[in-house]
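Single-structure report; data block below.
Just so you know, ligand 1 is whichever comes first in the structure, and atom 1 is the first atom listed for that ligand. Just so it is clear, the structure is predicted and the values come from calculations on it, not from any experiment. What you see below is based on every heavy atom in this structure, not just the backbone, and it leaves out hydrogens, waters and symmetry mates. In this chain, numbering begins with 1 at the start of the sequence shown.
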Amino acid sequence: MDVTIFSTKAYDRRFLDEANAAAGGPHRLRYLEARLARESAPLGQGAAAVCVFVNDVLDRPVLEVLAASGTRMVALRSAGFNNVDLAAAAQLGIVVGRVPAYSPDSIAEHTVALILALNRNIQRAYARVREGNFALEGLLGFDLKGRTAGIVGTGNIGVAVARILAGFGCRVLAYDPRPSAELAAFGAQAVGLDRLLAEADIVSLLCPLAPDTHHMIDRAALARMKRGVLLINSGHGALVDTAALIEGLKSGAIGHLGLDVYEEEGGLFFEDLSNQIIRDDVFARLLTFPNVLVTGHQAFCTAEALAVIAATTVENLSSSERQGAPRYPVSVERLVRPAINRTPKGSSL
Ligand code: NAI
């Protein structure tokens, strides 16, 4: 199958080439660095399948261009699919496949790395020591043992975070409309979102982006949280209202903030912009806080995760070619989400 692969870096090419070779080389892979968007959609021309990542845009106009030039399949190299207009894809006869799970531990461990780095001010300590400043003033941390950690979304990754934090001796609270049965094994307790926000010293967001989770951490949610909370978002950028977070940091409502994802990360993350001026003032403001640590959507970036992403992508392509449907399809029905005890907000799908 001819496949045009958008948003690729050297590490993507390496793992996809290896996975394709391991499957006997069934696909002709054409790599592009460009992100898929309206301007770049014609680059997909002639490919039966296009393969994309989290910041590629597959709205109706893009899908129409792809469909008109013969594309019948979209292979997402991600679990999330909020960047695809699934209804338009279905109408245009394009099937969509995704990678439902790839080393949840890689994202869970990065989430915990952010917690530990922030809690013990490692980023500040690193910079100080390199300058010969060994003073401890301003580096006061707190023990994780005995603290309450709240995990919002306990799917594959959230459960792994819960397990690790339980190992540190945290009391773990979890909120999920479909709580995982695995939580009880390490003493984590399923609770409502209000209780979690009220009691947690650490809050970790690991649920998908959907109409009911868009900006779920906004000014009102922050007001319900413990003052000085350590908040981590490694789920999806738009789970939080960044302007409200900045207010919360300025007022001290948020004690530490760790982000691996950012609502406007497209065009910023995954690129070397070190010679350029960052034009996003909200993002630039975030970077001025000493108690904020941002990584550029890096949580998935382990050899284990990239190998699974590549192997599953090749499996989706092969299954699509042979049976007309990817091994792990995403269908329009997945847009229907369970009702939960929150007021629905604007859609970001
Ligand atoms: P999953 O599908 O296994 O679990 C998601 C869980 O969220 C499910 O249990 C679901 O019931 C729950 N959920 C749905 N709506 C909710 C709500 N309103 N409140 C609380 N929970 C809700 O997904 P997985 O693999 O655990 O991924 C979690 C998130 O991590 C994904 O949304 C994805 O965007 C993000 N992710 C981030 C990566 C990174 O590199 N930073 C890489 C991979 C995933």
Looking only at distances, please establish whether an N/O atom of ligand 1 is found under 3.5 Å from an N/O atom of [X].
| X | answer |
| --- | --- |
| D260 | yes |
| L209 | no |
| D176 | yes |
| I157 | yes |
| Q298 | no |

- Short N-O contact, D2 and R28, less than 4.0 angstrom: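 Salt bridge between D2 and R28, a charged N being under 4.0 Å from a carboxylate O: yes.
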
- So, D194 and R224, do they make that salt bridge, N to O below 4.0 Å?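 R224 and D194: salt-bridged.
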
Can you list the ligand 1 atoms lying under 4.0 Å from a non-hydrogen atom of [X]?
| X | value |
| --- | --- |
| P177 | 13 (N), 15 (N), 16 (C), 17 (C), 19 (N), 20 (C), 21 (N), 22 (C) |
| T213 | 17 (C), 18 (N) |
| Y102 | 42 (C), 43 (C) |
| I107 | 38 (C), 42 (C), 43 (C) |
| A299 | 39 (C), 40 (O), 41 (N) |

- Please say which of E131, R130, R124 ends up in a side-chain contact (heavy atoms from CB on, under 4.5 Å) with R128.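 Running side-chain contact (heavy atoms from CB on, under 4.5 Å) over E131, R130, R124 with R128 returns exactly one hit, R124.
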
- Please go through F186's hydrophobic cluster and name the other residues, only I, L, V, M, F, W, Y counting, with side-chain heavy atoms under 4.5 Å joining them.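 Its cluster partners, ordered by chain and number, are V159, L183.
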
- Query: In the hydrophobic cluster built from side-chain contacts under 4.5 Å, what are the other members alongside M1?
  - Reply: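 For the cluster that includes M1, the remaining residues are V3, I5, L16, L29, Y31, M73, V95, L317.
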
- Message: Looking at ligand 1, would A101 count as a contact under a 4.0 Å heavy-atom criterion?
- Response: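 Flag not set, A101 not near ligand 1.
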
- Task: Decide whether the shortest distance between a heavy atom of G235 and an atom of ligand 1 is less than 4.0 Å.
- Result: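 Yes, G235 has a heavy atom closer than 4.0 Å to ligand 1.
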
- Do N55 and E265 have side-chain atoms, one donor and one acceptor, less than 3.5 Å apart?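 Judged by distance alone, the side chains do pair up.
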
- Query: Regarding R147 and the six-membered ring of F142, is the cationic atom NZ or CZ under 6.0 Å from the ring centre and inside 45° of its axis?
  - Reply: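 Yes, a cation-pi geometry holds between R147 and F142.
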
- Determine whether L144 and L116 make a side-chain contact, defined as any pair of heavy atoms from C-beta on separated by less than 4.5 Å.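 The answer is yes, as the side chains (C-beta and beyond) meet within the 4.5 Å cut-off.
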
- Selected option - heavy-atom contact closest to atom 31 (C) of ligand 1, from C207, A108, G237, A79: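 Of the listed residues, C207 has the closest heavy atom.
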
- Message: Treating T295 as the side-chain partner and H297 as the backbone partner, does any N or O pair qualify as donor plus acceptor under 3.5 Å?
- Response: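 Side chain of T295 to backbone of H297, a donor-acceptor pair under 3.5 Å: no, none is there.
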
